[in-house]
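So the structure is just underneath, and the comments pick up after that.
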Amino acid sequence: MSGPNNGVMVVLEATAGRLSDVSLELISLGKDVANSLGGPLVGVLIGASDVALTAVGCDIVDCYVDFGTIGYSSEMAVTALSARVEAIRPRLLLAPTGTLGLDLCSALSVAFDATLASYVVGLSVDAGRIQATSQLYGGKLLADCDLGDGFAIACVVPGSAVALQLGVGDVEVSNHSLDAIVGSLAIEPGIRHEPEASGVDIVAAELLVSVGRGIGASANLEVVQELADALGVPMSASRPVIDQGWLPKPHQVGKSGKKVKPKVYLSFGISGAPEHLEGMRQSEVIIACNTDPNAPIFKVAHYGTTLDLFDLVPELVELVEG
Amino acid sequence: MNIIVAMRQLADLVEELEVDSSGTDIDREFVKFVSNEWDEAALEEALCLKEAYGGTVTVVGIEEVDFHQTLHAALAKGADRAVELTGDFEGWIPTRQRAAALAWFIRECDFDLVLTGVQAADDLNGQLAGAIGAMLGVAHASVVTNISVEGSEAHITQELGGGVTSVSRARLPLVLGVQSARQAPRYVPISRIRQVMAEATIEKVPVTGESFGNTPQVLRLYAPEASGTATMLEGKPKEVASAIYDVLVAKGVAGSRKGN
């Protein structure tokens, strides 16, 4: 096994003929690092075959184009990526934080003894060493770390870079089949299920009243529900509320839920973990109520209050009901 | 059906976290450590699987502050065996080191499934499931929200984001990073935990010198600069409510329904 070259490999995903936003962000981050290292930027596309590959901004694109039709398998992804890493020996691999990135990064770091950093929000090169900034403890702390001078992997948080504006350029595209891999998998490619249609449509709502862990208990939901009812708008929630079974899945905002952009996002007891912010930061106006003045949500909110929601919400209900 | 659940402690995120004098770790002295919430989901799913298919649940983790509380609670909830791996575990333990110790223990066990939390808020060095899977040479999957078993096969549901899920048929054994269990983690009364503390034993297994490879070197740990643009609304609840209501009216999302 030879040592790594100076290339940067980015794991790309595409749906409906276009690269995902986070893929374009990874290309943007990867291109800067590749320029600093003086190596090529190699994209490995996992997904549909109808993407305009001349425009991805990479020097080389390796495609596994069958994933979209075969279905997803974590083991297939790891096996396919391992083969490309083995063949290309990049200096740095970038993957998006999400199911694909979580499935890939730890396993590849063990297989190739690569230095892995998760939750990466920034990357730089200093005297040939790759350095990363990671967002930890639900966004409360940042860590600058040195990933050394060998093969490194960064699992990057979506929204960490400006998506590269793509121009048409020369790109060397090679296609790889998954046929040889599929036959021997312990985890077979899965059957995709779109989210169930439900009565609630939090994406279409102009105002959302959203609750998080700070609500404390299921019974306390009634307090906020009363406000949502008075306003005639749906309730949404962050992951802990959904995982506890206090509200059904279609109400979830965030990475594993829905992305929302209402005119006003009014949140109670949501601290603002990066996965949640990803789903609501595009809202026109964000109003956050959280008793912790250091809660990360105040970094994206336009208006904030540290009042106890149980004191505040009844007052709001009174105003709304006139 | 033999299930191993890898659990761990984590600084309680509800508390304020301070950076210690080295500038590269949190101050561990005064912070409270609690069980990683995703590990609790993994335990719950394991207990549900045991109830459905029989077998055993073994809970294992490395020696950490208050880990006995987590183990005792797991036994009280229905786990059969609690194991604490002892050794040179200090401070902020990289995922690779944790995974190496766990894989060393698990390798000697008879298991069908290894379940652990999908992530932890300080796992800078990657998530546990993929690392354990790679070390054991066992297939793994993350962000798992449902598991059902039929003979030597399982059906696993993974979230792919945006509400899309993928259901795969898979051959046991597997290592799975659990996002959520089929039900919220069960409650166990403190009296039951006390009873377990008096009766049950935690097995201590020493781990020595497992090599774990390259990990990132933390240069600096710090709170992000307050880039916040939030205008803090001060005053009594009535005044703050009024200010919020004014914003809702100005954006045209409240007010028109008044009197309905």
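Throughout, protein chains are lettered first and strands after them, A, B, ... in sequence-line order, and every chain is numbered starting at 1.
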Got a donor-acceptor contact below 3.5 angstrom from the [X] side chain to the [Y] backbone?
| X | Y | value |
| --- | --- | --- |
| A/Ser118 | B/Asn125 | no |
| B/Arg220 | A/Cys145 | no |
| B/Ser168 | A/Glu188 | yes |
| A/Asp144 | B/Val218 | no |
| A/Asp103 | B/Ala141 | no |
| A/Lys140 | B/Leu13 | yes |
| A/Ser106 | B/Gln127 | yes |

Kindly compute the distance separating [atom1] ([X]) from [atom2] ([Y]), expressed to the nearest 0.5 Å.
| X | Y | atom1 | atom2 | value |
| --- | --- | --- | --- | --- |
| A/Tyr137 | B/Leu124 | OH | CG | 9.5 Å |
| B/Asn214 | A/Asp113 | CG | CG | 4.0 Å |
| A/Cys155 | B/Asp123 | SG | CG | 10.0 Å |
| A/Ile242 | B/Thr145 | CD1 | OG1 | 13.0 Å |
| B/Thr165 | A/Arg192 | OG1 | CZ | 9.0 Å |
| A/Leu231 | B/Leu248 | CG | CG | 6.5 Å |

Got a sec: does the [atom1] of [X] have more than 12 other heavy atoms crowding it under 6.0 Å?
| X | atom1 | value |
| --- | --- | --- |
| B/Leu219 | CG | yes |
| A/Glu194 | CD | yes |
| B/Arg169 | CZ | no |

Residue part contacting chain B, namely of [X], when any heavy atom lies under 4.5 Å:
| X | answer |
| --- | --- |
| A/Val317 | neither |
| A/Gln135 | neither |
| A/Leu102 | both |
| A/Glu278 | neither |
| A/Ala288 | neither |
| A/Asn294 | side chain |
| A/Ser271 | neither |
| A/Leu185 | backbone |
| A/Leu141 | both |
| A/Tyr119 | side chain |

For chain B, find which of [options] contributes the most heavy-atom pairs closer than 4.5 angstrom.
| options | answer |
| --- | --- |
| A/Glu318, A/Lys255, A/Arg239 | A/Arg239 |
| A/Ala143, A/Ala186, A/Ser74 | A/Ala186 |
| A/Leu207, A/Leu142, A/Leu316 | A/Leu142 |

Can you confirm whether the side chains of A/Glu315 and B/Tyr245 place a donor and an acceptor under 3.5 Å from each other?
no
Closest-packed option against chain A by number of heavy-atom pairs under 4.5 Å, given [options]:
| options | result |
| --- | --- |
| B/Gln183, B/Glu234, B/Gln119 | B/Gln119 |
| B/Leu174, B/Val249, B/Val240, B/Leu172 | B/Val240 |
| B/Glu153, B/Glu37, B/Met135 | B/Glu37 |
| B/Ser142, B/Gly133, B/Ala184, B/Gly161 | B/Ser142 |
| B/Lys251, B/Arg96, B/Gln158 | B/Arg96 |
| B/Val167, B/Leu233, B/Val143 | B/Val167 |

Can you tell whether the side chains of A/Lys249 and B/Glu159 come within less than 4.0 Å, N to carboxylate O?
yes
Is A/Asp311 salt-bridged to B/Lys238, going by a charged N under 4.0 Å from an acidic O?
no
Are the side chains of [X] and [Y] in touch, meaning some heavy atoms are under 4.5 Å apart?
| X | Y | result |
| --- | --- | --- |
| A/Thr133 | B/Tyr222 | yes |
| B/Thr95 | A/Leu116 | no |
| B/Met232 | A/Phe298 | yes |

Any idea which heavy atoms bring A/Gly190 and B/Ser166 closest together, and the distance?
CA-OG, 3.4 Å
Grab the two heavy atoms, one from A/Leu147 and one from B/Pro216, that are nearest each other, plus how far apart they are.
CD2-CB, 3.6 Å
Evaluate the side-chain contact (heavy atoms from CB on, under 4.5 Å) criterion for residues A/Tyr303 and B/Val247: first the C-alpha distance (whole Å), next the side-chain angles of each, then the deciding distance (0.1 Å), finally the verdict.
CA-CA 9 Å; A/Tyr303 299 97; B/Val247 175; 3.9 Å; yes
Could you tell me which portion of [X] (side chain, backbone, both or neither) has an atom closer than 4.5 angstrom to a non-hydrogen atom of chain A?
| X | answer |
| --- | --- |
| B/Val19 | side chain |
| B/Ala120 | backbone |
| B/Ser242 | both |
| B/Ile132 | neither |

